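All residue numbers in this chain count up from 1 along the given sequence. Start at 1 and go down the list; that is how both ligands and their atoms are numbered. On a predicted model such as this, the values are computed, not experimentally measured, just so you know.
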Amino acid sequence: MPIVTSTEMFKKAYEGGYAIGAFNVNNMEIVQGITEAAKEVNSPLILQVSAGARKYAKHVYLMKLIEAAVEDTNLPICVHLDHGDSFEICKSCIDGGFTSVMIDGSKYSFEENIELTKKVVDYAHARGVVVEGELGKLAGIEDDVNVSEEDAQFTNPAEVEEFVTRTGVDSLAIAIGTSHGAFKFKGEPRLRFDILEEVSKRLPNFPIVLHGASSVIPKYVEMINANGGNMPGAQGVPEDMLRKAASMAVCKINIDSDLRLAMTGSIREYFNQNPAHFDPRQYLSPARANIKELVKHKIVNVLGSDNKI
Ligand code: G3H
Ligand code: 13P
Ligand code: ZN
């Protein structure tokens with residue numbers, strides 16, 4: 001099984017009312033934990049790489065790790081650039097074997113976003129690679145953002161048809177209230193499902209992407225806090241909201257922070273219990289096992305992508 005694009009995955013996910021997990025990777029243990037979990041529950045996968053991850057591990061190492069995971073598991077895996085912010089980084093990933101790229105032009109004006117995104121789409125499509133665009137800005141966590149400013153950041157459904165038609169993107173990330181990291185909501189978690197509904201009416205059968213979708217699972221935050229960490233107020237997207245989004249037009253759900261928390265919680269706990277150990281294999285084994293457990297839980301209980309190959 002070669003590395004695949006997300007086209008077929010999204011088509012089936014849309015029709016089946018489930019979502020594909022897009023998990024961020026930056027080292028071997030994370031790649032193995034995720035792919036071993038997906039193998040056990042027979043799920044397709046997107047492994048995504050940020051610019052920071054690419055800088056940390058190098059493109060070639062990540063590509064080879066993912067190729068090894070494909071060979072080892074025989075799963076359909078799509079390799080995706082997360083938050084590409086320029087034509088150059090998208091081109092470099094396409095030339096280097098990725099099957100999907102995100103061009104995140106959300107910080108630009110509508111017209112500039114279209115122009116940049118279309119340039120990436122033209123290059124990618126000519127090489128069989130798919131493209132995710134973004135409209136709207138993910139919520140910030142700054143205290144001084146007031147409600148009307150916050151509203152202005154959400155995706156405007158009136159813009160989506162023009163954006164998709166003029167750029168030719170294959171999927172669209174929208175802002176409905178999620179944010180990146182482990183501190184997502186100041187009070188009660190709230191997502192604008194009305195915007196998602198309106199977007200999907202205007203873009204029938206079109207895959208929507210949800211960024212900032214970690215649940216910040218309390219078990220792992222508690223593990224961190226119980227072992228010398230300090231993360232008061234950490235809060236993520238409730239799992240029932242993710243299940244609802246997956247049953248609607250959301251076909252790709254991005255998860256990074258939950259992996260970080262599971263890995264870090266495990267390593268903190270290990271050192272607390274074994275202060276004299278210093279062999280990385282000893283503390284990375286339970287960390288990898290925790291990632292595997294987390295990803296299985298996500299696939300089976302949240303995304304619904306198990307047994308969909
Ligand atoms: O959306 C951002 C991802 O969590 C990647 O984060 O840029 O720190 O690798 P990073
Ligand atoms: P989280 O920080 O919620 O895991 O979001 C990850 C993400 O959106 C990667 O693009
Ligand atoms: Zn993101």
Side-chain angles (χ1 to χ4, degrees), residues 6 19-27 29-31 33-34 45-59 61-62 65 78-86 89-90 93 98 100-107 131-141 153-155 169 171-186 189-191 207-218 220-221 224 231 233-239 241-242 245-246 250-265 290-291 294-295 297-299 302-303:
S6 49
I20 309 294
F23 298 96
N24 286 71
V25 298
N26 58 56
N27 71 20
E29 286 74 14
I30 297 174
V31 170
I34 297 166
L45 268 184
I46 297 172
L47 296 181
Q48 54 186 14
V49 174
S50 69
R54 220 167 153 251
K55 196 168 166 202
Y56 170 77
K58 285 195 185 171
H59 184 100
Y61 283 83
L62 293 172
L65 280 173
C78 167
V79 190
H80 174 77
L81 168 66
D82 190 26
H83 292 284
D85 67 350
S86 66
I89 189 171
C90 292
C93 288
F98 282 26
S100 174
V101 293
M102 174 189 193
I103 175 69
D104 182 354
S106 59
K107 65 173 185 242
V131 180
E132 173 186 327
E134 176 163 333
L135 255 189
K137 293 187 182 67
L138 257 61
I141 49 169
Q153 316 258 316
F154 292 136
T155 303
V169 284
S171 62
L172 182 68
I174 63 169
I176 58 168
T178 61
S179 63
H180 293 109
F183 300 88
K184 297 191 189 295
F185 300 98
K186 273 167 256 154
R190 200 173 66 100
L191 293 191
I208 299 302
V209 178
L210 202 57
H211 282 250
S214 279
S215 294
V216 186
I217 296 178
Y220 299 118
V221 177
I224 289 174
M231 300 186 68
Q235 196 187 18
V237 185
E239 291 182 341
M241 290 190 186
L242 295 172
V250 170
C251 294
K252 173 173 179 271
I253 290 191
N254 283 12
I255 298 166
D256 188 1
S257 296
D258 276 334
L259 300 168
R260 298 179 182 195
L261 292 166
M263 186 159 207
T264 302
N290 248 12
I291 285 187
L294 164 76
V295 171
H297 163 72
K298 293 274 178 192
I299 289 173
V302 183
L303 303 160

How far does CG of D256 sit from NE2 of H180, to the nearest 0.5 angstrom?
8.5 Å

Using only atom types and a distance under 3.5 Å, with no angle test, would you say the side chain of K252 pairs donor to acceptor with the backbone of I20?
no

Identify, by atom number and element, the atoms of ligand 2 in contact range of K184, meaning under 4.0 Å from any of its heavy atoms.
1 (P), 2 (O), 3 (O)

To the nearest 0.5 Å, what is the distance between CZ (F23) and CD1 (I291)?
10.5 Å

Those atoms of ligand 2 less than 4.0 Å from some heavy atom in S257
1 (P), 2 (O), 4 (O)

When distances are taken from atom 7 (C) of ligand 2, the protein heavy atom at minimum range is H180 CD2, 3.4 Å

For a distance under 2.8 Å, give residue and atom name for each protein N, O or S atom next to the Zn ion (ligand 3).
H83 NE2, H180 NE2, H211 ND1

For I255, counting its heavy atoms only, list the atoms of ligand 2 lying under 4.0 Å from any of them.
4 (O)

Within-4.5 Å side-chain heavy-atom neighbours: I208 and V250
yes

Those atoms of ligand 1 less than 4.0 Å from some heavy atom in D256:
3 (C), 4 (O), 5 (C), 6 (O)

Let me confirm one number: the OG-CD distance from S106 to Q153, rounded to the nearest 0.5 Å.
9.5 Å

Calculate, to the nearest 0.5 Å, the distance between atoms CG and CD belonging to L81 and E132 respectively.
9.5 Å

Which segment of D82 sits under 4.0 Å of ligand 2 when only heavy atoms are counted:
side chain

Hey, does the side chain of D258 reach the backbone of V216 with a donor-acceptor pair shorter than 3.5 angstrom?
yes

Using 0.5 Å steps for rounding, measure from the CD1 atom of I174 to the CG atom of L210.
7.5 Å

Can you tell me the protein heavy atom closest to atom 7 (O) of ligand 1 and the distance?
S50 OG, 3.7 Å

With a cut-off of 4.0 Å, which atoms of ligand 2 are near a heavy atom of N24?
9 (C)

Close-contact set for ligand 2 against H83 heavy atoms, below 4.0 Å:
10 (O)

Record the part of H211 in heavy-atom contact with ligand 1 below 4.0 Å; permitted values are side chain, backbone, both and neither.
neither

Contact region, A213 to ligand 2, non-hydrogen atoms below 4.0 Å, reads backbone

I'd like to check which ligand 1 atoms, numbered from 1 as shown, lie under 4.0 Å from a non-hydrogen atom of H180.
1 (O), 2 (C)

Taking V237's backbone N and O only, do any of them form a donor-acceptor pair with S215's side chain (distance below 3.5 Å, no angle check)?
yes

Side-chain donor/acceptor of T178 to backbone N/O of H211, under 3.5 Å
yes

Please classify the R260 to ligand 1 contact at 4.0 Å (heavy-atom distances, strictly less than): side chain, backbone, both or neither.
side chain

Which atoms from ligand 2 have a heavy atom of H211 less than 4.0 Å away?
8 (O), 10 (O)

Which of the atoms in ligand 1, numbered in the order shown and given with their element, are less than 4.0 Å from a heavy-atom of N24?
3 (C), 5 (C)

Can you measure from CG (D82) to CG (N254) and round to the nearest 0.5 angstrom?
5.5 Å

Distance-minimising heavy-atom pair for A51 and I89
CB-CD1, 3.7 Å

Matching residue for L259 among I34, V25, T264 - test: side chain to side chain contact (heavy atoms under 4.5 Å, CB included):
I34

Which of the ligand 2 atoms, numbered from 1, are nearer than 4.0 Å to a heavy atom of Q48:
9 (C), 10 (O)

Can any side-chain N or O of T155 pair as donor or acceptor with the backbone N or O of A175 at less than 3.5 Å?
yes

Contact region, N26 to ligand 1, non-hydrogen atoms below 4.0 Å, reads neither

Find all atoms of ligand 2 within a distance of less than 4.0 Å from any non-hydrogen atom belonging to G212, and give their numbers and elements.
1 (P), 3 (O), 5 (O), 7 (C), 8 (O)

Minimum heavy-atom distance P189-P238, with the two atoms named
CB-CD, 3.7 Å

Within 4.0 Å of some non-hydrogen atom of D82, the atoms of ligand 1 are 1 (O), 2 (C), 3 (C)

